[in-house]
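All remarks here apply to the structure that follows.
Proteins get letters first, then strands, A, B, ... in listed order; numbering begins at 1 in each. All values below were derived from every heavy atom in this structure, side-chain atoms included, with hydrogens, water molecules and symmetry-related copies excluded.
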Amino acid sequence: MARAMKLPPRVRIARDIVDAGNTSAASIPLALERMVSDGDARPGDLALLVAFGAGLAYAAQVVTVPLTREAPAPTQRSRRTPMSTEEIRAALADIVNEVAGVDQDDVQLDKSFVDDLDVDSLSMVEVVVAAEEKFGVTIPDDEVKNLRTVGDAVAYIERANAAA
Amino acid sequence: MTRTRRVVVTGLGTTSPLGGDVTDTWDGLVAGRSGVRRLADSAAFASWADAGIGADLPVGIAATAAVEPTEVLERVRARRLDRSSQFALIAAIEAWRDAGLDGPQEAGELDGERVGVAMASGIGGVQTLLSNYDTLRAKGARRVSPLSVPMLMANAPAATISLQIGARAAVNTPVSACASGNEAIALATDQIRLGRADVVVAGGTEAAIHPLPIAAFANMMALSKNPADPTTVSRPWDTARDGFVLGEGAGALVLESEEHALARGARIYAVVLGTGITADSHDIAQPDPEGRGGTRAIRRALEDGDIDPADVAHVNAHATSTPLGDVAEAGMLHATLGGHATDVVVTSTKSMTGHLLGGAGAVEGVATVLALHHRLSPPTINLDDQDPAVELDIATKARDLPHGDIVGLNNSFGFGGANVAVAFGSVR
């Protein structure tokens, strides 16, 4: 189907069936959750959801991946109490304020670091390094370019915390 | 050579051990106030102690900035600049406003392609380099600031000013150790004379008061180790002098073609009459004891400005309070000014500001221009017992300078054998 639609290589495709098996009606939510967790689907991305079922009924829709407002539910992987999304946002806002002088209240999830907050590339590296220390996570350089919005960064930190 | 473009001084700025601006610095100079203080009283000292360094320094004094640059600049802007760039920016902004160029710039009436910068530094962003090395050792590579390079590079102060004022002609960073600031004035003058710019912000900056440069200068026997009252330690030409006192800060002068200045009705402080730049090729650190390179620099400056030595009324000497250098410079003045040398009112403002290295020639350039403007020579303090080898008329109190067309000479000499002299002329 991906070939038939000539989807460009940058489009990520769920391949969780190889270890999840056919989960039937749960397949789309499960696959989407995993893609969000793995960073393959980010808040604001467009997602094409396609399913078919017995009797051969087909349905497809395009949705926008929502902002992650809450930490991922399964917390048993982390022994400590995870920071809430708002706590991470507020701590990140303090860092952005320190590095770039942006008012904390302006550092909201939907704001782009470059376009809205005027954080240049060198300052972004400073933010990332300070965030690594603050949140005890590692943010590889390859990942930094994907952190377009504050929400991207918060979601990344949440996932990294959850995986820790 | 036919020269059609005269260069004039239309703006002055400084932040120095005596004050955060020109007014406070000049008042301090005229009053004979010392800017030398105990390092233990400085804000930086506590951070060195935290890092476990500085306790064993053989020198416990320096001429620290009277006003912390971080109290002047907006916080986020300051944290992206090395201290040397902070000083340079503060001095340049003052000079730019003093010249009345901020209004035309903001109104888009100034062609940035005709505006240049020559902002010197002797050592560059050494504090940024060292603090990031401390971070590398303590916390690892990941924590080294991505701003390190644009902060520590030698041309950072000049580039910072270029960004501030929209200067898009040549933006230069002369580097000739302690002659750098004066060399910037000389190179900016050339830039305007050659028609490559109409306005150039020229000057020098330094922020090297840190245990490593202090230890290094002390170990090469350049710094005074005199344990007396800090305000008495910088004593050029005095028999008890034993080395210089490290200072920090910046000076900036707006140089402009006379034509450009007259066309916009700018106030003119002084004229840059002539400049001379030479090298000793004698020793990497020691001055030529006969001062031949310095003599040639002064002579060239006089010739360049077609100046009769008898018109020289004032010299702001390099005189850093070292045993050899101070005497050598006296010899240069005798060699160039002849019998008139003892009629000239000579001073070393380093007796009050300490030695600002790459900033020295610029702050002293500001002082020389103001001496002509106010017809008043600042004193040399701590000259209790003048070295008999120095036959000069050194002002020990602020001294009036004569009326009429007079010339003030600003001398600077640097490690590496660099010699720069700039001759300024008074205006009526």
Which distance, rounded to the nearest 0.5 Å, do you find between the CG of A/Asp118 and the OG of A/Ser112? 10.0 Å
Looking only at heavy atoms, which of residues 72-108 of chain B get nearer than 4.5 Å to chain A? B/Arg75, B/Val76, B/Arg79, B/Arg80
With a 4.5 angstrom heavy-atom cut-off, which part of A/Glu98 approaches chain B: side chain, backbone, both or neither? both
Which residues pass the side-chain contact (heavy atoms from CB on, under 4.5 Å) test with B/Val363, sequence neighbours left out? B/Thr14, B/Leu356
Would you give me the side-chain donor-acceptor pairs under 3.5 Å for residues 42-52 of chain B, sequence neighbours excluded?
residue, atom, partner, partner atom, Å
B/Ser42, OG, B/Leu39, O, 2.8
B/Ser42, OG, B/Phe45, N, 3.3
B/Ser47, OG, B/Ala44, O, 2.7

Measure the spacing between OH of A/Tyr156 and CG of A/Leu92 and express it to the nearest 0.5 Å. 13.5 Å
Enumerate the salt bridge (Lys or Arg N to Asp or Glu O under 4.0 Å) contacts for residues 104-117 of chain A, please, sequence neighbours excluded, ordered by first and then second residue. none
Without hydrogens or angle criteria, can the side chains of A/Glu158 and A/Asn161 be said to hold a donor-acceptor pair below 3.5 Å? no
